[in-house]
Amino acid sequence: MSEPKGKAEGQENAPNFIHDLVEADIREGKHGGQVVTRFPPEPNGYLHIGHAKSICLNFTTAELSGQGRCHLRFDDTNPEAEDTEYVESIREDVRWLGFDWGSHEYFASDYFERLYDCAVDLVKRGFAYVDSQSPEEIREGRGDFYRPGVNGPFRDRSVEENLDLLARMRAGEFDEGAHVLRAKIDMASKDVNLRDPLMYRIRKVTHHRTGDDWCIYPMYDYAHPMSDAFEGITHSVCTLEFAHHNPLYQWFVSHFDFDPMPWQYEFARLNLTYTVMSKRLLKRLVEEARVSGWDDPRMPTVAGMRRRGYTPAAIRRFAERIGVSRRDSVVDVGLLEHALREDLNVTSPRTMAVLRPLKLVIENFPEDEEVELVAPFSPNDESFGSRTLHLTREVFIERDDFMEEPVKKWFRLAPGKEVRLRYGALVTCNEVVKDDAGNVVELRCTWDPESKGGNAPDGRKVRGTIHWVSAKYAVDAEVRLYDRLFNDENPLDEAHEGDFTDRINPSSLEVLPHAKLEPSLAARGPGERVQFERLGYFVVDPDSTRAHPVYNRTIQLKDSWSKQAKRN
RNA sequence: UCGGGGAUCGUCUAACGGCAGGACUCCAGUUUCUGGUACUGGCUAUCUAGGUUCGAAUCCUAGUCCCCGAGCCA
């Protein structure tokens, strides 16, 4: 049965070689058609967009099989780095992204006893031994890329002695570094990972879950494949830098009778332009207070993106679009931003807010009069409903929407020009009021009372439409304007002088303390997303209160005018 | 001096010996009470050199460049 060649024509399927390969396994009935994957973070930090790619991959791969499942497993084998704080944030982030691991939440630390038993078994069968060399001696004995390693003096200890030593390691009789358990493989292997890799080390450190029950902890290389096998993982998906571990992974699991027998597959990790992704660097940003924390809206962490106003759907869509391959790549952050706008465009109510207010007085509008206007929350979707706006004698408009000496093709307000106040009325600017320093402080206009709602009865075309807020009803708010954290497409580019923190965009955050909101915006709670018409998408920050609303700019609308203006 | 992985529009990615396709970006236009959205059209790519073949991004040979690997981290 041959598939139609190529997917050309309106291909909706995201390119994804892992999916292709798993689908082939399902077709062939491998593992009885079962697909079990896992997302295995170490709880030592916050998840970022790179993890999100992996989460999406693992969960969607499992979905390929009708009865598949994806586990959430915390790889907590290094007690020094880990903490329950991170466990909770990871759970929250995965859930927020829209994935459900059901009852399949596991910890590598749950397997400590079983891992130990398996280690004892390997010792008994002559596949592991206790090495009592110092760390320096072990490193020396391992050789390097060009020289094979050499067998150490403890490599041929008797099974009895190894068993005794291992038991005493566990019992806490030895200091850290005194002994380690090593797999007995091949010190001369071309593959450095196979030169008797460490399985256990002594660490007298309290573990966030097992407390002081253990003072020996398994290494990733041993714990990870075994944990996969314990859980019945069929497809163990990880990033490319683990590719060298595959032979070792297979070595460990093949010494036991697991069914299914897991296999490891590697894909290229995500890199984004204008972004740093490594935990180490993100940590520096936090510690050096370049950002407000792990959930700073400029951070590529899931928590930061959530606070920024990203939607889970946008992130999932992005992950699907960029595909999965084995090629090192740097994805243009514009792709992420596009996926974001695409989702926000169809999910966000339209509202009006003025970021940098300029007062506009309608001189022929009676002082105490108000005009009620019904404005839809969406231009294309009636289900969003509408709200009532009040046009009053004094309104605020955006400073950027007025130009005293307009450039060519300027559609907005200028002396003598007529514009539409969106859903409001047509107004013409008559006079510009300035302060002593020559700054424009107020605009005096007249309106066409016949244009209530926004259109003139004579049908004349008015090109410019600007947003506005009634001065009488406006609600004061703080608006935080976020932009890309770095100026440089590749903040880590070594061709530059200095360090990546020198490439931080100084205007990645601008706080506007006195923005003016339409009243409907004051009642919204943290996490609610809206569009400020003509400006961008915004989200209510957790800092927001009824008395002091705070909105974060998620992303600007595409702006072909500013592009054109730059060319002029 | 070793081993592994990789190279296709500016970016990400398809094509598995048979018309180099899609998405983003960019450009031009239509619609529009958001200079938004939607819609239409357009530009742009097979690392290099040989070879096999009617036909090569794909197979072969030789090279070039990039990434990863020598933690008692994951």
Side-chain angles (χ1 to χ4, degrees), chain A residues 5-16 40-42 44 75-78 80-82 131 134-135 138-139 142-149 176-177 179-182 189-193 195 198-203 217 219-221 223-224 238-247 266 268 273 279 321-339 341-342 345-346 350 352 375 379-380 409-412 419-424 426 453-455 461-467 489 531-536 556-565:
Chain A
K5 288 242 174 90
K7 311 178 189 170
E9 217 88 7
Q11 155 185 322
E12 279 298 318
N13 300 355
N16 185 326
E42 181 185 18
N44 69 345
D75 230 333
D76 55 349
T77 56
N78 180 8
E80 281 167 288
E82 298 148 7
D131 194 345
S134 69
I138 289 178
R139 184 171 2 101
R142 191 154 32 218
D144 60 31
F145 293 152
Y146 316 110
R147 282 180 335 193
E176 290 189 7
H179 309 279
V180 291
L181 184 72
R182 299 180 75 174
S189 174
K190 296 266 191 206
D191 181 349
V192 191
N193 283 296
R195 319 238 260 230
L198 273 59
M199 294 171 62
Y200 274 93
R201 76 289 214 187
I202 300 171
R203 275 283 168 282
Y217 291 93
M219 300 287 289
Y220 165 88
D221 275 316
H224 196 89
C238 64
T239 45
L240 235 32
E241 67 270 25
F242 291 96
H244 318 84
H245 300 246
N246 203 346
E266 309 91 15
T273 56
K279 209 173 274 183
R321 290 264 178 83
I322 58 175
V324 176
S325 72
R326 290 176 68 87
R327 178 169 5 168
D328 292 315
S329 64
V330 183
V331 177
D332 191 329
V333 75
L335 235 87
L336 213 209
E337 294 172 344
H338 176 261
R341 288 195 185 95
E342 189 176 42
N345 178 46
V346 296
R350 311 293 135 117
M352 291 198 284
N380 325 311
K409 292 201 177 165
W410 178 258
F411 300 157
R412 286 116 95 153
V419 297
R420 175 184 299 106
L421 297 179
R422 180 130 164 107
Y423 298 127
L426 301 177
N455 281 316
K461 291 274 181 259
V462 174
R463 195 66 201 269
T465 298
I466 65 176
H467 57 279
E489 191 170 308
Q531 182 188 107
F532 292 174
E533 291 214 46
R534 305 209 307 130
L535 295 174
Q556 286 173 278
L557 256 32
K558 275 177 67 179
D559 182 2
S560 60
W561 164 246
S562 73
K563 227 179 288 176
Q564 185 184 322

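Atom set for the values below is all heavy atoms of this structure, side chains included, hydrogens, waters and symmetry mates excluded. Just so it is clear, the structure is predicted and the values come from calculations on it, not from any experiment. In what follows, chains carry the letters A, B, and so on, assigned in the order in which the sequence lines appear, proteins first and then strands, with residues in each chain numbered from 1.
Contact annotation for A:H467: no contact, since no heavy-atom pair falls under 4.0 Å across all strands. If you check every strand for non-hydrogen atoms under 4.0 Å, A:N455 touches a base. Within 4.0 Å (heavy atoms only), A:E42 reaches sugar-phosphate atoms of the nucleic acid but no base atom. The residue A:V462 sits apart from the nucleic acid: no heavy atom pair falls under 4.0 Å. Contacts of A:D191 with the nucleic acid, taken as non-hydrogen atoms under 4.0 Å apart, are absent. Within 4.0 Å of A:K409, counting heavy atoms only, lies at least one base atom of the nucleic acid. Within the 4.0 angstrom heavy-atom criterion, only backbone atoms of the sugar-phosphate kind lie near A:R326; the bases stay farther away. Heavy atoms of A:R422 sit under 4.0 angstrom from at least one base atom. Residue contacts for A:F242: at a heavy-atom cut-off of 4.0 Å it reaches a base atom on one of the strands shown. A:R412 comes within 4.0 angstrom of a nucleotide base, judged by non-hydrogen atoms across all strands.
With a glycosidic angle further than 90° from 0, B:rG41 counts as anti.
Between B:rU58 and B:rG18, the two C1' atoms lie 11 Å apart (nearest whole Å). B:rA23 and B:rA62 are spaced 36 Å apart, taking the C1' atom of each and rounding to whole Å. Rounded to whole Å, the separation between the P atoms of B:rU52 and B:rC60 comes to 15 Å. For the C1' atom pair drawn from B:rU44 and B:rU61, the interatomic distance equals 32 Å after rounding to whole Å. Rounded to a whole angstrom, the distance from the C1' atom of B:rU25 to that of B:rU1 is 44 Å. Look at the P atom in both B:rC59 and B:rC65: the space between them is 22 Å, to the nearest Å. A gap of 14 Å separates the P atoms of B:rG10 and B:rC43, to the nearest Å. Taking atom P in both B:rG4 and B:rG21, one finds a spacing of 36 Å when rounded to whole Å.
For A:F145 and B:rG3, the ring-to-base geometry does not satisfy the stacking test (centroid distance below 5.5 Å, interplanar angle below 30°). A distance cut-off of 5.5 Å between ring centres, combined with a plane angle under 30°, leaves A:Y146 outside any stacking arrangement with the base of B:rC2.
Toward the 5' end of RNA chain B, the nearer of the two residues A:S329 and A:W561, judged by each one's closest nucleotide, is A:S329. Comparing A:G424 and A:K558 against RNA chain B, the residue whose closest nucleotide sits nearer the 5' end is A:G424.
Across all strands shown, B:rU30 forms a Watson-Crick or G-U wobble pair with B:rA38, both key distances being under 3.5 Å. Judged by Watson-Crick or G-U wobble contacts below 3.5 Å, the nucleotide B:rU61 has B:rA49 as its partner. B:rC12: Watson-Crick or G-U partner is B:rG22, with both key distances under 3.5 Å.
Between the side chain of A:R463 and the base of B:rG35 there is no donor-acceptor pair of N/O atoms closer than 3.5 Å. Applying the 3.5 Å distance criterion, the base of B:rG3 shares a donor-acceptor pair with the side chain of A:H244. In this model, no side-chain donor or acceptor of A:H338 finds a partner on the base of B:rC24 within 3.5 Å.
For the pair A:R350 CZ and B:rG36 C1', the computed distance is 8 Å after rounding to whole Å.
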